[in-house]
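Numbers for residues simply follow the sequence, beginning at 1.
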Amino acid sequence: MNELNRRRFLLTTAAGAAGLSLNPPVLAADASPVTPLAIPPSASSVTPPVTFPLAPLVASAGEPPAAQPARPLPRLPIKQVEAGVLDVGYHEAGPENGRPIILLHGFPYDLHSYAEVAPRLAQQGYRVIVPHLRGHGTTRFLDAATPRSGQQAAIGQDVIDLMDALHIPEAVLAGYDWGGRAACVAAALKPSRCVGLVSVNSYLIQDISKAALPAPASVEAGFWYQFYFLTERGRAGLTANRKDIAHIMWKGNSPTWHFDEATFQRSALAWDNPDYVEVVLHSYRHRLGHAAGFPEYEEIEALLATQPAIAAPAITIDGKDDGVIKATDGSSSAARFSGPRQHRQLASVGHNPPQEAPQAFADAVLELARSGKWRT
């Protein structure tokens with residue numbers, strides 16, 4: 001055996017003796033192993049999963065092998081579909097004939113908030129759809145002239161348009177932050193199409209007429225970014241520093257969630273969307289009464305102004321360590337749910353429960369999916 005082959009043999013043997021695994025199992029926050037899913041083929045365009053090849057072990061004579069850098073987290077495969085005014089990027093898992101569940105992310109996050117929830121639901125036979133909201137990821141506007149609205153009527157209508165495009169007559173809807181609001185709006189707009197609703201922070205349809213009323217000072221302090229986005233300085237800041245702003249928000253929103261840099265950077269790719277800044281700015285300016293809504297959403301906003309009750313069976317969730325909206329017993333919003341509703345608090349969880357407590361979030365969704373009165 002020549003000297004080079006002898007060194008390669010020794011390196012390979014040492015790696016095997018140390019139990020080196022090049023494909024470790026993905027673990028959920030509660031340490032439950034998650035089995036990777038086989039995504040069914042579809043006529044829709046599909047972005048294949050990203051793979052990350054390892055560099056070969058190479059050592060110079062007399063030197064130990066260099067430490068291998070941490071591997072980036074795998075990204076969920078994405079399909080595209082034209083829906084309403086958007087070309088929506090979405091992840092799909094589970095059987096195509098399974099009963100549908102739609103999972104909606106918040107700001108500043110992305111669809112990887114459901115990277116551990118979606119497999120759990122798909123493994124139970126459900127068809128799971130996880131879209132990028134407008135202004136995020138691979139979701140794009142079909143027409144350059146379409147207003148880059150972020151108002152609640154727009155993101156709620158997007159959910160209905162996506163269901164139409166994917167030929168989904170009804171679904172369980174679940175979300176947090178912007179996604180929770182979109183789910184609440186869709187459930188209120190089209191009660192017959194919502195089998196069940198999981199909403200973090202309860203009823204999230206905004207009462208724009210009360211936008212000028214102050215919240216307690218401790219709550220207002222957590223909304224610093226909303227006030228920042230009302231200014232042109234905020235526009236410049238979000239354009240230049242979107243990752244830094246999001247990182248501060250992640251830590252403040254969920255002070256007990258110890259996410260790693262790879263997790264953050266995976267989501268950060270979604271904020272490179274060309275419409276991200278304009279959609280975000282309009283969302284906060286509209287809700288705080290500093291920007292008008294767009295005419296195409298006037299009728300929906302008029303309905304939402306009445307604060308319509310949600311008839312679908314609902315499970316609402318508060319993280320006990322939510323840094324944005326403090327946990328409550330749910331009683332203040334009880335009148336906004338005309339159907340059966342449960343309220344739950346999750347210990348050591350902040351503003352992003354599906355990523356911080358995936359099993360608890362999946363359990364809530366499954367409970368509604370299994371007990372729901374499906375009409376189709």
Side-chain angles (χ1 to χ4, degrees), residues 85-86 104-111 113 132-137 139-141 146-158 175-182 184-185 200-201 204-255 264 267-294 296-297 300-301 304-305 322-326 350-352:
V85 299
L86 300 173
L104 302 157
H105 70 82
F107 164 83
Y109 304 91
D110 83 322
L111 54 72
S113 288
H132 269 303
L133 300 188
R134 54 172 55 202
H136 294 73
T139 293
R140 297 289 188 273
F141 287 86
T146 301
R148 270 43 177 173
S149 173
Q151 67 195 90
Q152 59 180 347
I155 62 174
Q157 183 62 48
D158 289 346
Y176 70 98
D177 195 81
W178 284 28
R181 179 165 297 109
C184 286
V185 170
V200 177
N201 302 130
L204 291 176
I205 297 176
Q206 297 156 345
D207 188 350
I208 306 295
S209 68
K210 297 180 180 178
L213 299 179
S218 60
V219 175
E220 297 277 49
F223 291 161
W224 64 269
Y225 57 94
Q226 300 189 20
F227 309 135
Y228 182 49
F229 294 158
L230 300 183
T231 69
E232 287 308 292
R233 178 170 175 159
R235 179 193 298 277
L238 184 61
T239 301
N241 305 313
R242 63 192 71 187
K243 287 186 180 181
D244 292 338
I245 290 170
H247 201 277
I248 292 168
M249 290 179 65
W250 276 35
K251 294 185 73 173
N253 292 356
S254 302
F264 178 78
S267 290
L269 295 172
W271 313 325
D272 290 333
N273 185 296
D275 303 307
Y276 178 78
V277 171
E278 293 307 313
V279 169
V280 170
L281 292 179
H282 186 258
S283 172
Y284 289 104
R285 292 179 180 189
H286 180 264
R287 74 178 64 185
L288 293 175
H290 284 249
F294 290 99
E296 53 265 49
Y297 299 114
I300 297 175
E301 289 292 353
L304 300 180
D322 192 325
V324 183
I325 300 175
K326 301 303 180 185
H351 195 61
N352 179 7

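- In this structure, the side chain to side chain donor-acceptor pair (under 3.5 Å) partners of Ser209, at least two apart in sequence or on a different chain, are Asp207.
- Gln151 is linked by a side chain to side chain donor-acceptor pair (under 3.5 Å) to Ser149, Glu301, counting only residues two or more places apart in sequence or in another chain.
- Residues satisfying the salt bridge (Lys or Arg N to Asp or Glu O under 4.0 Å) criterion with Asp158, sequence neighbours excluded, are Arg134.
- Applying the salt bridge (Lys or Arg N to Asp or Glu O under 4.0 Å) test to pairs two or more places apart or on separate chains, those with a residue in residues 235-249 are Glu232-Arg235, Arg235-Glu278.
- Residues Asn201 and Asp322 form a side-chain contact, since some pair of their non-hydrogen atoms from C-beta on lies under 4.5 Å apart.
- With sequence neighbours excluded, the residues that form a side chain to side chain contact (heavy atoms under 4.5 Å, CB included) with Asp177 are Phe107, His351.
- The ring pair (Phe, Tyr, Trp, His ring centres under 6.0 Å) check on His286 picks up His282, with sequence neighbours excluded.
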Distance-only criterion, 3.5 Å: show the donor-acceptor pairs between side-chain atoms of residues 210-227 and protein atoms not counting sequence neighbours.
residue : atom : partner : partner atom : Å
Glu220  : OE2  : Ala215  : N            : 3.3

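- Among residues two or more places apart in sequence or in another chain, the side chain to side chain contact (heavy atoms under 4.5 Å, CB included) test is passed with His290 by Leu230, Arg285, Leu288.
- In this structure, the side chain to side chain contact (heavy atoms under 4.5 Å, CB included) partners of Ser267, at least two apart in sequence or on a different chain, are Asp110, His112, Trp250, Trp271.
- By the side chain to side chain donor-acceptor pair (under 3.5 Å) test, Thr139 pairs with no residue at all, sequence neighbours left out.
- Summarising the geometry, atom CG belonging to Leu104 is positioned 15.5 Å from atom OH belonging to Tyr109; distances are rounded to the nearest 0.5 Å.
- Considering only residues two or more places apart in sequence or on other chains, Tyr297 meets the ring pair (Phe, Tyr, Trp, His ring centres under 6.0 Å) condition with none of them.
- With sequence neighbours excluded, the residues satisfying side chain to side chain contact (heavy atoms under 4.5 Å, CB included) with Asn273 are Arg140, Asp275, Tyr276.
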